[in-house]
Structure formats: C-alpha cells, structure tokens
Amino acid sequence: MTNAEIAAAFEQVADLLEFQGSNPFRVRAYRNAARTIEDLPEPVAKIVADPQRSLTDFEGIGKDLAEKVTTLVGTGSLPMLQELLAEIPESVLAILRVPGLGPKRAAVLYRELGIASLDELREACQSEKVRALKGFGAKTEAAILQGLDIASEAQRRILWAQADEQVQAILDHLRPCPAIEQLQPAGSYRRGKDTVGDLDLLAVAKDAKRAMDHFAAYPGVADVLLRGETKMSIRLGTGLQVDLRVVPAESFGAALQYFTGSQAHNIVLRSLAKSRGLKVNEYGVFRGTKAIAGRTEEDVYGALDLPCFPPELREARREFDWAQAGALPRLVELGDIRGDLHAHSTWTDGVATIEEMAAAAKQRGLKYLAITDHSKRVAMVNGLDAKRVRRQWAEIDKLNARLKGITVLKGIEVDILEQGGLDLDDDVLAEADWVVASVHYGQNQPREQITRRVVEALQNPHVSAIAHPTGRMLRQRRPYEIDLEAVFKTARDYGKLLELNAHPVRLDLDDVACAAAKNHGVLVVISTDSHRVDGLGAMRFGIQQARRGGLTKEDVANTRTWTQLKKIVGKR
DNA sequence: GCCGTTTTCGGCCCGACTGTTTTCAGTCG
C-alpha cells in the first residue's frame, strides 16, 4: 500500500468517526497521522519492514496508529474501517462535503430522516422536511440547497497559476480604493501550494464598510456568501471563493500570520505560545490582556523566539524542529538560478528559434540555456534523428560564437523507448552537453516495467537528468506508475539529477517529492520545458515547489555555473 | 488517539459569522 492510500484510509476513518460524533481530538489524531504519512519522504512499508525503526518515532503516530499502519501495509485493509463502513453507508460522507453541513447536522439528517446521499438530501430539502428538524430552519434548508449546487459544480482546487491570475485582477481592483491602506493575499496562495482552494485577502482600512463595498463591486463577483463587521466572503463567477478580512494596522502582522496558515502550522504555534503562558490569535500575541506583538509577522514569531518562517514552509512538517535546532534552511530563490536546462525550439515543437530563446533567457539574467528538442521517436513533432541533431548542434556552435553573456548548451530530450533503451545511440549522446531522458510512450505499462526503463536510462553514462520523473506530464492524463524509491536510489548511485518541470500545469515533482529527493541526496534541476520565450517565466512555479520541499540553493543543480554543473554530470 | 521543562492523566488553537436561539451550537478556516 502506498503512503497516499494509507493516508486516505485514515482520512476516511476520521470522517466516519466525526460523523459518529466521536471525540474531536481522536478525529484529529487520525487526520494528523494521515498528513504525517502523506508527507513522509519514503514508503511507509519500508519503515514497517525495517526492524531497526519504529513508526512511533514520527509525529502524531503512537502505538495504536502504528499498529493500524502495520495492518494496512500487511493486509491492505483495516478491520476498524470495515466495521465503521458496516455501520454507516459510505455515501453519507459526501454530505459532509456540502458547505455549511458538518458532522453534527449530517448525523441529525441521517438519524431523523434517513438521509444517506446527496440526492436524498436534495429531495428532503425540496419537500421542506429539513426545516422541521430541531436546530434547522427555512434559511438553513435554502442554504443546504445552494450548497448542494456548489458541491455538484465540481468545486475542486485550482492550479496556483490560475489562482494567481484571479488574485492579480482582484488586487488591481482593490488597490485604488482610498479606504484601503494595506493589502496582502494570504492562505495557501501565499504559501505557494501547487493548488489553491480559495483565496484569503487581508486589508487594513480606514473604513471597513467602504472597503467591503468596493470589494462587493468587483465585476467578477457572482454571489456574496456572508458579510460581517470584519469578514466578507464572495464567490466569483469562476467558482472561486474569496474572503476579505479587514483588520487594524496594529494587528496586520498577526492577521497575516494567522490567515496564511496552514491550519496545522497555526495549531502548533498556538500550542507553543500557550505552553509559555502566551496567547496567539489573529490580533496579536498576548500576555494576559497585554498585546506584546502584532504589527508585523516578524514581531509575532519573534515574540515566541521563532524565526519568521517563509510561507512555503508553514505546513507543520519540520519547520519547528528546524527552528528549534537553529537550522532553518535558507530556501532556494529565483535569483539563485543560473540556467534553464530544458527548452524547445522550432526544430521540433517549440514556436521560437534557438536564438530567440537564448535572447529571452539572457534577458531573464540566465547564463546558460540548454536546447533540448525531442528525439525522433516523437515523430508527431518532427523529433530529431542523429543527423538533424548534429546539424542543430553545429548551428548552436556557430550561434555561441557570436552570442555574448549567455551560453546555449547542445542538449536533447531523448525518449526512453517502450521496450527500454534510448532513442539515440550513445555515440550521438556523447556529443551532447546535456541530455534529459523522458518517457513519452508506453505510459500504461506495469509499474515494474516503467521503473526498469527509467532506472536503465539513469545508468546510461550520457544521461544527465530524468525529465518529469513522476510521470505527471499533462494535467488531464493520469501519471504513470513508477517506483520512485528505486529512481531516487539509482539517481543517487549514478550521480544523476531529477528534473522538476516548472510548467504551470505540469507540476511533476511536487513539494513532497522534492523533500524525498533531498532526503535521498539527489540533486534537483528546475527547468521550464519552455516551448516559447515567455515559457521561461514559469521558473518561479518550480522555485515555489522546491521551497515548499525545503530545498536550498545547494540542493538545486542549476544554481551552479555551467562549469560546476558539467563536472557533476560528468560532461566534458 | 497523542503527548509530556507542570510527563502516564488531562489536556488538546482560537475567533467570526450564521441561524435559531432567548444565551448558544454548529461550521468554517
């Protein structure tokens, strides 16, 4: 069983227990354990199999949950979960996803009216049976019906890049408002999560009412969900929910800290404060009733003797341990990047010439750019055979002779063939500065076969890196199945790199995988896989993920000069 | 169910908003 599957089982247990009205802290214990396991940089099965190690060493996993994990790994199922499912139909869990309905009310609906599915819920609301229940009323009934519509509207998380567009548009709308003095987006958007569920905006305003009126007048607003003194929620026509909070200037830092989250990070922070006789809320840090911090985030963390964590690290993973040890990693930054090592040109499916790409890279301050067009197997895009790639490289040599301030590397994105092996002969690859290998075909093969192909490619002396190693290549396609553990191990043993493809919809090496690579001592290379000049701008998406994975400048290969880098990958 | 510079019991983050209440429970983040 994979970590994700084990985590999902625990999440389901938590949902069911919550529905049953169990001790909320017990529910939280299951959710915490699910998170811990999901974030683990190695397969939990490996830890279980190792007699030297114990699952209870991990945060939030005690004796009981360690046993349950062992059961799940060994048998693939969990008796406790089966028992819960025998008592409660799985379909009721969908009801918990309806906005405004939590475990308490869902349980009343199930107990009093036998409602066990979304369809039954809609039916009961429409026939006005729900309003008769104690604690419910006509307004609640209407709210549930509206919530049902939202739930069925595939209300899923959107990609960070899509959220970014909407954030910028809203900020542009809000900034001219004279009542607003400070404005800052928070939430998972600020933490740079690969996907965003809703947006949180934070403002300091002379006049909260005017600020909210201005917010409500944003042309993209479809619906005002709620509006109070300090908080207002709207839903955009795009389906995205946006919350605006108005806070006093002396609380701005505390509010920014609080609304940036994550929730798990805040829980740890507040517990820590409590153990020191302090209280943290969105208005500040308090000793008794006296505020001792709140204006800036630095003050808030500082009052607790903590460094101001970069938002990307605030996930209650390891940041508090790092801070305690005084060893918070200095995360990689966009400015550290010296070169881009995956780009296409008009020779295959790119839309810009090599020279145009090089000029754009130089303009972005890069010192080198590898042109890695496809090899011949990708016939659809006129992939390069030995003859054409050599012609391209001769042209790059000529180009380099007249370019100043940037070096174009002679690269290739060589296909890892279905039956194994690479799409170009070793004598050709040997002439390249930079070789990325990737799986484009045979993605439905069994896990062992794909793993073998990639591992074999990593063992080829001419290969520099594997592109999209987790197989998350296209948004709409399911990633291929691969034994990442084996890939990390081989990459480490052979001194090869794994590529974090920074395309906004192709986040192939996510934050957890980045952390795992680091854990295995494997360097990551962040590349944009650009097919056009503005594609080079996607580097920032990759940086975000790498930062979330705790990667420093040293963990990312393309922060090196090309001279340093080619020693790492053993090129001439 | 986890956890321990108040350690094996008794805690577990904290506040805003809403609707149905007549002082508060439920939900959300």
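All values reported here derive from a predicted model rather than from experimental measurement.
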Exercise for the section: Determine the interatomic distance between P on B/dC28 and the same-named atom on B/dT23; round to the nearest Å. Expected result: 25 Å

All N/O contacts under 3.5 Å from nucleotides 7-9 of chain B to the protein, with atom names and distances to one decimal?
none

Can you pull every protein N or O that's under 3.5 Å from an N or O on nucleotides 27-29 of chain B?
{"from": "B/dT27", "atom 1": "OP1", "to": "A/Gly102", "atom 2": "N", "distance (Å)": "2.8"}
{"from": "B/dT27", "atom 1": "OP1", "to": "A/Gly102", "atom 2": "O", "distance (Å)": "3.2"}
{"from": "B/dT27", "atom 1": "OP1", "to": "A/Arg105", "atom 2": "N", "distance (Å)": "2.9"}
{"from": "B/dT27", "atom 1": "OP2", "to": "A/Lys104", "atom 2": "N", "distance (Å)": "3.2"}
{"from": "B/dT27", "atom 1": "O5'", "to": "A/Gly102", "atom 2": "N", "distance (Å)": "3.4"}
{"from": "B/dC28", "atom 1": "OP1", "to": "A/Gly100", "atom 2": "N", "distance (Å)": "2.7"}
{"from": "B/dG29", "atom 1": "N7", "to": "A/Gln263", "atom 2": "NE2", "distance (Å)": "3.4"}
{"from": "B/dG29", "atom 1": "N2", "to": "A/Tyr258", "atom 2": "OH", "distance (Å)": "2.3"}
{"from": "B/dG29", "atom 1": "N3", "to": "A/Tyr258", "atom 2": "OH", "distance (Å)": "3.1"}

Fill in the blank from the handout: Under a 4.0 Å heavy-atom cutoff, the residues of residues 127-139 of chain A touching DNA chain B are A/Gly135, A/Phe136, A/Gly137, A/Ala138, A/Lys139

Exercise for the section: Give a yes/no on whether any side-chain N or O of A/Thr140 is located under 4.0 angstrom from OP1 or OP2 of B/dT20. Expected result: yes

Handout entry: Phosphate contact (B/dG15 OP1 or OP2) by A/Asn281 side-chain N/O below 4.0 Å
Key = yes

Practice task
Determine the sole option in A/Arg131, A/Lys129, A/Arg105 for which the side-chain contact (heavy atoms from CB on, under 4.5 Å) test with A/Phe136 is passed.
Solution key: A/Arg105

Handout entry: side-chain N/O A/Tyr283 vs B/dC13 OP1/OP2, d < 4.0 Å
Key = no

Handout entry: Least distance between heavy atoms, A/Cys514 atom then A/Gln545 atom
Key = SG-O, 4.2 Å

Exercise for the section: Taking atom C1' in both B/dT20 and B/dT27, compute the distance separating them and give it to the nearest angstrom. Expected result: 14 Å

Please list, pair by pair, any protein nitrogen or oxygen found under 3.5 Å from a nitrogen or oxygen in nucleotides 23-25 of chain B.
none

Problem - Opposite nucleotide pairing with B/dC14, Watson-Crick or G-U, both atom distances under 3.5 Å - result: B/dG29

Handout entry: Single hit among A/Asp15, A/Asn32, A/Leu65, A/Leu81 for side-chain contact (heavy atoms from CB on, under 4.5 Å) with A/Phe10
Key = A/Leu65

Problem - Any A/Thr230 side-chain nitrogen or oxygen under 4.0 Å from OP1 or OP2 of B/dC17 - result: yes

Handout entry: Nucleic acid contacts of residues 13-42 of chain A, taken as heavy-atom distances under 4.0 Å to DNA chain B
Key = A/Asn23, A/Phe25, A/Arg26, A/Arg28, A/Ala29, A/Tyr30

Handout entry: Whole-angstrom distance between B/dT6 and B/dC12, as gauged at atom P
Key = 15 Å

Problem - Atom CZ of A/Arg318: over 12 foreign heavy atoms under 6.0 Å - result: no

Completion exercise
Note: for A/Ser275 and A/Met232 on DNA chain B, the residue whose nearest nucleotide lies more 5' is A/Ser275

Completion exercise
Ordered by number, residues from residues 60-83 of chain A within less than 4.0 Å of DNA chain B (heavy atoms) are A/Gly60, A/Ile61, A/Gly62, A/Lys63, A/Asp64, A/Leu65, A/Lys68

Exercise for the section: Heavy atoms only: give me the nearest A/Trp160-A/Lys193 pair and the separation to one decimal. Expected result: CD1-O, 3.2 Å

